[in-house]
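The chain is numbered in sequence order, starting from 1.
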Amino acid sequence: MSNDLENYDEHLEDNYDDFEDDDYDDDDYEYITFGTEMGRDLAPNVKQFLAEYYGDKMADLDSETYVDIEEIIKDAFFYECDGIPDLLYNNRTISHQEFDEFYENYKYTPKSFAWPARKEEWFDRTFGEEDEEDEHKEFETYLKESDPIDLNEQEQAIKNIIDAADNMLDWHSGFADFTKKGYDKLSPEIQQYMDNRIALDLEVLTAEGFVKLQETIFWLITEMLDKLYGTIEADLRGDEEEEE
């Protein structure tokens with residue numbers, strides 16, 4: 001330890017007793033994780049998508065649902081982005097020693113980085129397409145359009161199964177549409193945020209690192225949208241059942 005540092009330490013010790021207890025409060029110092037910061041900055045983007053997708057229906061949600069939405073968004077960014085700093089650290093094209101020098105001389109210049117191309121995902125497929133040649137289609141149509149009182153016990157049982165399958169298909173089709181539109185909006189916005197927020201790290205990120213980072217973005221968005229869709233739809237469908 002240098003003499004300057006030793007003298008400075010002594011200065012701190014000599015003056016430590018001069019501080020009043022109420023002059024220093026641990027609560028005034030908050031450690032903010034990268035995911036928490038991302039969540040604060042990008043939560044408005046997620047809420048904007050929800051407003052665009054659901055429109056006036058968002059005004060019909062219960063107050064508890066709005067609280068749930070806030071928590072879902074907050075937790076998604078906090079947990080899914082928790083490993084991003086380590087990912088950036090472990091996937092550099094230069095050594096950590098070289099990075100220190102790079103950091104000291106870095107001059108920020110706005111730019112867009114070469115993110116991996118958008119891959120086809122499960123939500124890109126079309127759900128609910130019917131085969132016009134299906135030999136059972138005519139019978140299913142008959143069951144759907146018939147009054148249950150006109151059907152025998154076996155036909156009623158089959159109709160219930162078909163209706164349940166249709167409801168499940170409608171749910172998956174709606175969820176896929178919700179996820180696709182949400183992903184196509186939020187993924188480039190998150191990329192753009194990272195282009196600006198962590199440009200220095202992206203400058204020295206390996207191609208494999210970009211793939212891993214994009215995978216993190218994918219899981220962040222899809223897991224978050226999964227919970228948001230379930231929460232909002234449960235509220236809206238509950239209201240519809242009460243009206244009936």
Side-chain angles (χ1 to χ4, degrees), residues 31-50 52-53 69 71-127 172-231:
Y31 173 71
I32 301 177
T33 67
F34 180 73
T36 298
E37 183 178 355
M38 276 189 66
R40 291 179 180 178
D41 293 339
L42 293 172
N45 299 60
V46 180
K47 295 174 186 176
Q48 180 185 8
F49 163 67
L50 295 178
E52 292 172 352
Y53 189 87
I69 289 173
E71 287 300 312
I72 289 170
I73 296 173
K74 176 183 175 182
D75 289 347
F77 279 96
F78 177 81
Y79 290 108
E80 295 296 335
C81 299
D82 183 56
I84 287 180
D86 285 340
L87 187 158
L88 298 173
Y89 180 84
N90 293 321
N91 290 274
R92 292 174 178 168
T93 57
I94 58 178
S95 68
H96 302 313
Q97 183 176 357
E98 291 172 323
F99 179 82
D100 292 338
E101 182 178 352
F102 174 75
Y103 173 81
E104 292 296 331
N105 299 295
Y106 180 73
K107 302 295 182 183
Y108 172 72
T109 302
K111 63 179 292 188
S112 295
F113 292 89
W115 289 86
R118 161 85 151 82
K119 296 190 300 182
E120 184 173 358
E121 304 292 351
W122 64 267
F123 45 76
D124 290 314
R125 55 176 285 216
T126 302
F127 289 78
H172 285 296
S173 178
F175 176 52
D177 180 70
F178 176 79
T179 305
K180 174 179 171 58
K181 291 178 179 176
Y183 185 79
D184 286 343
K185 170 181 168 56
L186 296 174
S187 180
E189 291 179 350
I190 293 175
Q191 290 175 350
Q192 184 178 30
Y193 172 84
M194 291 187 176
D195 285 349
N196 299 327
R197 175 66 178 78
I198 55 173
L200 182 148
D201 295 279
L202 297 184
E203 289 279 5
V204 294
L205 187 63
T206 65
E208 182 181 1
F210 268 104
V211 171
K212 292 179 179 178
L213 192 55
Q214 184 57 43
E215 289 175 351
T216 298
I217 294 174
F218 173 82
W219 289 113
L220 161 66
I221 296 174
T222 55
E223 292 295 313
M224 176 174 59
L225 293 180
D226 182 6
K227 295 177 181 178
L228 288 172
Y229 186 76
T231 298

With a 4.5 Å heavy-atom cut-off, do L202 and L213 have their side chains touching?
yes

Would you mind reporting whether R40 and F77 have side-chain heavy atoms less than 4.5 Å apart?
no

For residues 184-217, which residue pairs pass the ring-ring contact (aromatic ring centres under 6.0 Å, His included) check, not counting sequence neighbours?
W115-F210

Counting only heavy atoms from other residues, nucleotides and ligands, does the tally under 6.0 Å from OH of Y79 exceed 12?
no

Does atom NZ of K185 have more than 12 heavy-atom neighbours from other groups under 6.0 Å away?
yes

Less than 6.0 Å separating the ring centroids of F178 and F49?
yes

Note: Y53 and G174 closest approach over all heavy atoms is OH-O, 3.7 Å

Around Y103, counting heavy atoms of other residues, nucleotides and ligands shown, do more than 12 lie under 6.0 Å from its OH?
no

Taking K227 first and then E223, would you say they form a salt bridge - that is, a charged N and a carboxylate O separated by under 4.0 Å?
no

Side-chain (D184) to main-chain (K181) donor-acceptor, under 3.5 angstrom
no

Separation of L50 CG from I73 CD1 (nearest 0.5 Å):
6.0 Å

Closest non-hydrogen atom pair, I217 against S187
CG2-OG, 4.1 Å

Output the distance between atom NZ (K47) and atom CG (N45), rounded to the nearest 0.5 Å.
10.5 Å

Atom NZ of residue position K180 - does it have more than 12 heavy atoms of other residues, nucleotides or ligands inside 6.0 Å?
yes

Nearest 0.5 angstrom please: R92 CZ to L205 CG, how far?
10.0 Å

Non-hydrogen side-chain atoms of T222 and E121 separated by less than 4.5 Å
no

Less than 4.5 Å apart, side chain to side chain, heavy atoms only: is that true for R118 and D124?
yes

Exercise: identify the closest heavy-atom pair between C81 and G35
CB-CA, 3.7 Å

Could you check whether any side-chain heavy atom of I190 comes within less than 4.5 Å of a side-chain heavy atom of M38, counting everything from C-beta outward?
yes

Any side-chain donor near an acceptor of the partner, Q97 and E101, under 3.5 Å
no

Under the side chain to side chain contact (heavy atoms under 4.5 Å, CB included) rule, collect the residues that match up with P85, sequence neighbours excluded.
F34

Heavy atoms, side chains only, cut-off 4.5 Å: are E203 and K111 in contact?
yes

Using 30° and 60° as the class limits, which term best fits the ring planes of F123 and F218: parallel, tilted or perpendicular?
parallel

Pairwise distance CZ(F99) to OG1(T93) - rounded to 0.5 angstrom:
10.0 Å

Hey, what do you get for OG1 (T216) to CG (D82), rounding to the nearest 0.5 Å?
10.5 Å

Identify the two heavy atoms, one from M224 and one from L186, that lie closest to each other, and give their separation to 0.1 Å.
CE-CD1, 4.3 Å

Would you call T179 and Y229 a side-chain contact if the rule is heavy atoms closer than 4.5 Å?
no

Distance (rounded to the nearest 0.5 Å) between M194 CE and L88 CG:
8.0 Å

If we only count heavy atoms from C-beta on, is the Q214 to K119 side-chain gap below 4.5 Å?
no

